[in-house]
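Worksheet: the structure to be examined is printed underneath.
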Protein chains: 2
Amino acid sequence: MTVRQRLLDAAAELIAERGWGAVSTRVLADRAGVGSGVVHYHFDSLQAVLTEASLGALRTAVDELPQVLDSVDTPADALAALLAALDGHGGQELFIETFLAATRNDELRGAVAEILIRFRAVLAAWLAERDVPTPVETAAVLAAAVDGVLLHRALSADLTREVVVPVLGRVLR
Amino acid sequence: MTVRQRLLDAAAELIAERGWGAVSTRVLADRAGVGSGVVHYHFDSLQAVLTEASLGALRTAVDELPQVLDSVDTPADALAALLAALDGHGGQELFIETFLAATRNDELRGAVAEILIRFRAVLAAWLAERDVPTPVETAAVLAAAVDGVLLHRALSADLTREVVVPVLGRVLR
DNA sequence: GAATGTACTGGACGAACGTCCAAATCGCCA
DNA sequence: TGGCGATTTGGACGTTCGTCCAGTACATTC
């Protein structure tokens with residue numbers, strides 16, 4: 001793996017671990033196993049690394065969404081698969097941190113909003129095929145609800161799949 | 001208002017505006033209109049200000065929840081009131097930032113978890129009175145979903161009450 | 001083997017950070 | 001008025017920050 005990619009992977013890890021505002025050039029270089037100067041050799045700024053890393057993780061997650069959804073049939077299984085898929089990507093904190101950072105950076109906001117639109121579109125198409133009412137609106141709310149569940153789950157371990165799926169499943173009828 | 005309270009108010013504002021990790025002693029003192037040294041006269045550390053400010057905002061929101069819920073009758077109105085109430089408290093970003101900070105600080109995590117339990121309990125009691133099935137689980141998921149909606153709404157203005165309430169309302173039947 | 005260009009190192013730079021503290025200021029009681 | 005404790009100030013401290021850059025290492029080309 002190239003040094004550039006190692007930096008991006010390390011950035012995604014550190015955003016989730018420490019928060020967007022607490023990732024520094026030196027810990028980033030350390031985690032990637034390179035000298036501290038290499039960050040500004042491959043990227044214009046620290047913010048550029050964080051932005052590219054977080055957007056890459058989001059895009060990967062959305063790109064994998066169709067095959068995740070198509071591997072299940074029932075809405076309940078889809079919900080469970082959705083939660084598991086987003087949970088797996090280096091911790092839910094990365095997505096939440098990126099959303100929050102996007103509210104404070106116009107360039108990032110536009111990119112995240114675009115990815116979110118694609119996420120909703122894929123989800124809405126799957127819902128429409130299964131005759132869920134108002135698939136577009138349902139997809140938008142469901143995407144938000146799943147993010148909220150991931151956030152709360154970080155603090156409250158009892159928000160398990162067994163609790164979430166039956167309740168959120170009512171949205172899909 | 002005391003200087004101490006002005007510092008707490010300024011801290012809540014700045015956490016929402018800049019993020020937990022980007023609030024410094026100097027901008028905090030500036031926003032409160034005091035000298036930079038006064039922060040460590042009233043508080044042990046910068047983290048102590050942020051912690052007390054964010055927990056105070058959370059507790060206030062939960063304390064106001066019963067009267068918010070009791071002022072409406074239908075589940076749809078309750079959802080709308082819930083969204084509006086949490087939205088009003090100096091921006092939804094404060095709550096999300098606090099949740100994320102709590103995942104990285106054990107003392108904060110315990111306090112936030114306790115407040116979340118109270119929030120769920122109040123909501124569950126209201127749901128039980130209206131014969132919503134599995135009120136405890138529904139309250140837990142609904143609290144998470146509302147937080148997620150607030151987060152997504154910051155990036156996507158089309159997640160209006162008119163879209164959210166009908167979809168999330170299906171959870172309450 | 002010399003030259004060239006890419007990739008990387010480690011340290012320098014000024015700025016901003018959290019924390020602390022001596023001095024200045026305030027309100028209040030003797 | 002004088003004195004005292006509580007409050008506030010602005011700056012000092014050592015550290016860490018983002019960024020930059022002279023120098024090194026290495027592969028590739030003549």
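Chain identifiers are assigned alphabetically (A, B, ...) following the order of the sequence lines, protein sequences preceding nucleic acid strands; residue numbering begins at 1 within each chain.
- Residues of residues 30-49 of chain A that place a heavy atom closer than 4.0 Å to DNA chain C, in numerical order, are A:Val34, A:Gly35, A:Ser36, A:Gly37, A:Val38, A:Tyr41, A:His42.
- Rounded to an integer number of Å, the gap from CG of A:Leu50 to C1' of D:dG18 is 12 Å.
- When hydrophobic clusters are built by joining Ile, Leu, Val, Met, Phe, Trp and Tyr residues whose side-chain heavy atoms come closer than 4.5 Å, directly or via intermediates, A:Val136 is not grouped with A:Leu116.
- The phosphate of D:dC17 has OP1 or OP2 within less than 4.0 Å of a side-chain N or O from A:Ser24.
- Protein chain A touches strand DNA chain C; the 5'-most and 3'-most nucleotides with an atom under 4.0 angstrom of its non-hydrogen atoms are C:dT6 to C:dA12.
- Qualifying side-chain contact (heavy atoms from CB on, under 4.5 Å) partners for B:Pro135, counting only residues two or more places apart in sequence or in other chains: B:Leu127, B:Ala128.
- Of the options B:Leu58, B:Val112, B:Val146, B:Leu100, a side-chain contact (heavy atoms from CB on, under 4.5 Å) to B:Phe95 is made by B:Leu58 and by none of the others.
- We find that B:Arg31 and B:Glu17 are joined by a salt bridge, their nearest charged nitrogen and carboxylate oxygen being less than 4.0 Å apart.
- Counting non-hydrogen atoms under 4.0 angstrom, A:Val27 reaches nothing in the nucleic acid.
- At distances below 3.5 Å, at least one donor-acceptor pair connects side-chain atoms of A:Trp126 with backbone N or O atoms of A:Leu69.
- For the residue pair A:Thr138 and A:Arg120, no side-chain donor N or O sits within less than 3.5 Å of a side-chain acceptor on the partner.
- For the atom pair CD of B:Glu97 and CD1 of B:Ile15, the computed distance is 7.5 Å after rounding to the nearest 0.5 Å.
- The closest donor-acceptor contact from the side chain of A:Arg153 to the backbone of A:Leu159 lies under 3.5 Å.
- Rounded to whole Å, atom P of D:dT7 lies 14 Å from atom CZ of B:Arg6.
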